[in-house]
Student: 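I'd like to ask you about the structure that follows.
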Amino acid sequence: MSLCATASREAAEPLAGTAATARTWLLVEQTGPWGAKALTASHLDPALGRALEAAAKGTGVRVALIRRPGRHADRHDATRHRLFLAHTAPGRSWIRTTTVADPQTALGLDFAALGAGEHGDLWEPYTGEPLVLVCTNGKRDRCCALLGRPLAADLAAAGTEVWEVTHIGGHRFAPTLFVLPYGYAYGRTSLSLAADALAAARNGRIALDHCRGRSTWDRPAQAADLAVRELLGEDRADVLDVVRTDRLLPQSSPPQASARPQAPAPSLGSPPPQAPKPPHETTSHDTTSRDTAPHDTVVTGEEAPAWTVTVAHSDGRAWRVTVEQRTDGAPAPASCGAPLDPPARMAVTAVTAVTATADSPALSG
């Protein structure tokens with residue numbers, strides 16, 4: 001039986017615009033084995049897992065379980081749990097941490113505030129090395145175990161602050177890597193690439209090679225951010241922000257923002273408007289949802305979705321990026337055992353410099 005990661009690699013499926021979407025991450029240490037839906041299929045109390053899913057839904061917070069690399073015997077004797085909260089918005093990223101005897105404590109969190117980037121001096125600020133997460137949940141997809149666990153073990157042996165994680169999206173890009181606090185994800189990750197990503201994060205930068213996007217934004221904005229970075233050769237993590245995303249109507253109609261009333265675009269570092277989801281994309285941030293996006297099936301009888309994304313630089317420059325969802329690749333499985341479908345990808349078709357005016361979004365900060 002073929003592996004989904006092998007099929008994706010052989011098809012040269014693009015990585016840009018495929019990161020899981022979440023402005024804030026809640027990571028809960030839980031030793032022992034994990035099931036496919038880890039929050040409710042592990043040694044974590046299933047009732048607590050369901051409650052965390054419900055509390056995080058619609059807030060921009062994503063919950064995942066973590067554990068240290070190594071053998072994971074079926075053990076019940078862990079008495080302490082490390083918790084991390086990480087917000088990923090440009091210019092406002094942070095990590096807070098604590099250790100608790102009972103992870104039930106997490107239900108007292110204000111998830112709406114955390115999703116908006118407000119931690120309220122909760123817990124302790126995390127001041128160590130950037131956090132490196134590698135997906136290793138073989139019950140969800142065997143590629144994550146076969147390819148992810150060796151990478152996590154090698155990183156740990158090299159002294160990296162690495163954790164195994166239940167799910168960060170994109171089984172077929174295994175081994176998948178996620179680096180906090182900036183929230184950039186990587187796919188088809190080698191040990192040397194992981195080392196480069198970690199070294200960059202130490203210096204407030206990102207590695208552009210094999211980068212999938214920043215989890216702060218929806219997938220069209222992730223692709224736009226990376227396109228501008230490639231154009232400029234810009235690797236500083238927090239100098240670019242997505243300040244606007246507009247859905248393009250069919251037949252080259254003028255762009256239309258989402259249905260809610262227009263508001264002034266935020267300044268650099270503020271949470272951007274959420275882009276409309278591509279067809280069939282998973283909208284929930286909970287870790288039990290099936291990993292379908294962005295490997296979507298073709299929508300017959302409809303034009304492919306497209307967006308214009310405004311990306312701003314802290315020096316005042318800005319670019320308007322046109323992004324289309326395309327399904328023109330070779331059929332491949334979204335995960336091991338899934339049917340063959342044309343993978344949906346975010347294709348950048350134009351990057352145009354724009355001039356700031358009195359009516360333009362605030363581009364400084």
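Atoms considered below: every heavy atom in the structure, side chains included; atoms not considered: hydrogens, waters and symmetry mates.
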Student: If you measure from CG on Asp235 to CG on Asp209, what distance do you get to the nearest 0.5 Å?
Tutor: 12.5 Å
Student: Ignoring hydrogens and angles, tell me if any N or O in the side chain of Ser42 forms a donor-acceptor pair with the backbone of Leu44 under 3.5 Å.
Tutor: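 Yes, because the side chain of Ser42 sits within donor-acceptor range (under 3.5 Å) of the backbone of Leu44.
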Student: Taking salt bridge (Lys or Arg N to Asp or Glu O under 4.0 Å) as the definition, give me every residue that meets it alongside Asp328, ordered by chain and number, with sequence neighbours left out.
Tutor: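 Partners of Asp328 under the salt bridge (Lys or Arg N to Asp or Glu O under 4.0 Å) test: Arg345.
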Student: Kindly determine whether His87 and Ser93 satisfy side chain to side chain donor-acceptor pair (under 3.5 Å), including the steps that lead there.
Tutor: CA-CA 5 Å; His87 187 65; Ser93 56; over 6 Å; no
Student: Return the set of residues passing ring pair (Phe, Tyr, Trp, His ring centres under 6.0 Å) with Trp34 (not counting sequence neighbours), or none when no residue passes.
Tutor: none
Student: Tell me every residue that passes salt bridge (Lys or Arg N to Asp or Glu O under 4.0 Å) with Arg236, counting only those two or more places apart in sequence or in another chain.
Tutor: Glu234
Student: With side chain to side chain donor-acceptor pair (under 3.5 Å) as the criterion, how do Thr97 and Arg82 come out once you've worked through the C-alpha distance, each side chain's angles and the decisive distance to 0.1 Å?
Tutor: CA-CA 7 Å; Thr97 188; Arg82 187 79 178 269; 2.8 Å; yes
Student: Could you work out, with salt bridge (Lys or Arg N to Asp or Glu O under 4.0 Å) as the rule, every residue matching Arg320, not counting sequence neighbours?
Tutor: none
Student: Is it the case that one hydrophobic cluster holds both Val100 and Leu27, taking links as side-chain heavy atoms less than 4.5 Å apart, direct or via other members?
Tutor: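 As far as the 4.5 Å side-chain criterion goes, Leu27 and Val100 are not connected within one cluster.
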Student: Nearest 0.5 Å please: distance from the CD atom of Glu164 over to the CG atom of Leu155.
Tutor: 10.5 Å
Student: Okay, side chain of Thr40, backbone of Arg50: is any donor-acceptor separation there less than 3.5 Å?
Tutor: no
Student: According to ring pair (Phe, Tyr, Trp, His ring centres under 6.0 Å), who are the partners of His119, at least two apart in sequence or on a separate chain?
Tutor: Trp94
Student: Output yes when a side-chain donor or acceptor of Arg214 lies under 3.5 Å from a complementary backbone atom of Ala237, and no otherwise.
Tutor: yes
Student: Return the OG1 to CG distance between Thr98 and Leu83, rounded to the nearest 0.5 Å.
Tutor: 6.5 Å
Student: Using modelled atom types and a 3.5 Å cut-off, is there a donor and acceptor pairing between side-chain atoms of Arg212 and backbone atoms of Thr18?
Tutor: yes
Student: How far apart are the closest heavy atoms of Ala221 and Thr245, and which atoms are they?
Tutor: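 Scanning both residues, the minimum pair turns out to be CB-OG1, 4.3 Å.
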Student: By ring pair (Phe, Tyr, Trp, His ring centres under 6.0 Å), which residues pair with Phe111, not counting sequence neighbours?
Tutor: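 Phe111 satisfies ring pair (Phe, Tyr, Trp, His ring centres under 6.0 Å) with no residue once adjacent residues are dropped.
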Student: Taking salt bridge (Lys or Arg N to Asp or Glu O under 4.0 Å) as the cut-off, I'd like each qualifying pair that reaches into residues 152-163, sequence neighbours left out, listed once.
Tutor: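 Matches after skipping sequence neighbours: Arg68-Glu161.
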Student: Is it possible for you to say whether Leu133 and Leu146 belong to one hydrophobic cluster, with membership spreading through side-chain heavy-atom contacts below 4.5 Å?
Tutor: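 Hydrophobic grouping puts Leu133 apart from Leu146.
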Student: Residues two or more places apart in sequence or in another chain: which of them pass side-chain contact (heavy atoms from CB on, under 4.5 Å) with Ala200?
Tutor: Arg205
Student: Contact between Pro305 and Glu324 at the side-chain level, heavy atoms closer than 4.5 Å - yes or no?
Tutor: no
Student: Do Pro69 and Val162 have side-chain heavy atoms sitting under 4.5 Å apart?
Tutor: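 In contact.
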Student: State whether the side chain of Ser190 and the backbone N or O of Leu193 hold a donor-acceptor pair below 3.5 Å, judged by distance alone.
Tutor: yes
Student: Just do the side-chain contact (heavy atoms from CB on, under 4.5 Å) check on Leu151 and Thr189 with the steps written out, would you?
Tutor: CA-CA 8 Å; Leu151 176 63; Thr189 313; 4.0 Å; yes
Student: Drop me the distance from His167's NE2 to Cys135's SG, to the nearest 0.5 angstrom.
Tutor: 6.5 Å
Student: Could you tell me if Arg96 sits above the aromatic ring of Trp123, with its cationic atom closer than 6.0 Å to the ring centre and no more than 45 degrees from the axis?
Tutor: no
Student: Taking only residues two or more places apart in sequence or in another chain, which ones pass salt bridge (Lys or Arg N to Asp or Glu O under 4.0 Å) with Asp110?
Tutor: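 Per chain and number, Asp110 pairs via salt bridge (Lys or Arg N to Asp or Glu O under 4.0 Å) with no residue.
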Student: Looking at residues at least two apart in the chain, or sitting in another chain, which of them share a side-chain contact (heavy atoms from CB on, under 4.5 Å) with Ala353?
Tutor: Trp319
Student: Could you go through residues 174-188 and list every donor-acceptor pair under 3.5 Å that involves a side-chain atom there, pairing it with any protein atom two or more places apart or in another chain?
Tutor:
from   : atom 1 : to     : atom 2 : distance (Å)
Tyr184 : OH     : Asp225 : OD2    : 2.9
Tyr184 : OH     : Arg229 : NE     : 3.3
Tyr184 : OH     : Arg229 : NH2    : 3.2
Tyr186 : OH     : Ala207 : N      : 3.1
Tyr186 : OH     : Ala207 : O      : 3.2
Arg188 : NH1    : Glu13  : O      : 3.1
Arg188 : NH2    : Ser8   : O      : 3.3
Arg188 : NH2    : Ser8   : OG     : 2.8
Arg188 : NH2    : Glu13  : O      : 2.9

Student: Step through it carefully: locate the ring centre of Phe84, locate the ring centre of Trp163, and say whether they are under 6.0 Å apart.
Tutor: yes
Student: Drop me the distance from Asp45's CG to Leu39's CG, to the nearest 0.5 angstrom.
Tutor: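 Going from CG on Asp45 over to CG on Leu39, the span is 11.5 Å.
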Student: List for me each residue that meets side-chain hydrogen bond (donor to acceptor under 3.5 Å, both in side chains) alongside Thr99, sequence neighbours excluded, and say none if there are none.
Tutor: none
Student: Could you walk me through whether Thr349 and Val321 pass side-chain contact (heavy atoms from CB on, under 4.5 Å), step by step?
Tutor: CA-CA 8 Å; Thr349 60; Val321 183; over 6 Å; no
Student: Checking Arg23 against Arg92 for the side-chain contact (heavy atoms from CB on, under 4.5 Å) test, could you report, in this order, the C-alpha distance in whole Å, the side-chain angles of both residues, the deciding distance, and whether it holds?
Tutor: CA-CA 11 Å; Arg23 295 186 299 275; Arg92 302 175 61 221; over 6 Å; no
Student: Using modelled atom types only, decide if a donor and an acceptor are shared between the side chain of Thr136 and the backbone of Arg149 within a distance under 3.5 Å.
Tutor: no
Student: Output, in order, the C-alpha distance, side-chain angles, deciding distance and verdict of side-chain contact (heavy atoms from CB on, under 4.5 Å) for Arg219 and Thr21.
Tutor: CA-CA 8 Å; Arg219 289 170 171 84; Thr21 55; 3.9 Å; yes
Student: Do Thr59 side-chain atoms and Ala56 backbone N/O form a donor-acceptor pair below 3.5 Å?
Tutor: yes
Student: Tell me if a side-chain donor or acceptor on Gln222 pairs with a main-chain N or O of Ala19 at a distance below 3.5 Å.
Tutor: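 Confirmed, Gln222 side chain pairs with Ala19 backbone.
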Student: Give the minimum heavy-atom separation between Pro220 and Val323, together with the two atoms involved.
Tutor: O-CG2, 3.7 Å
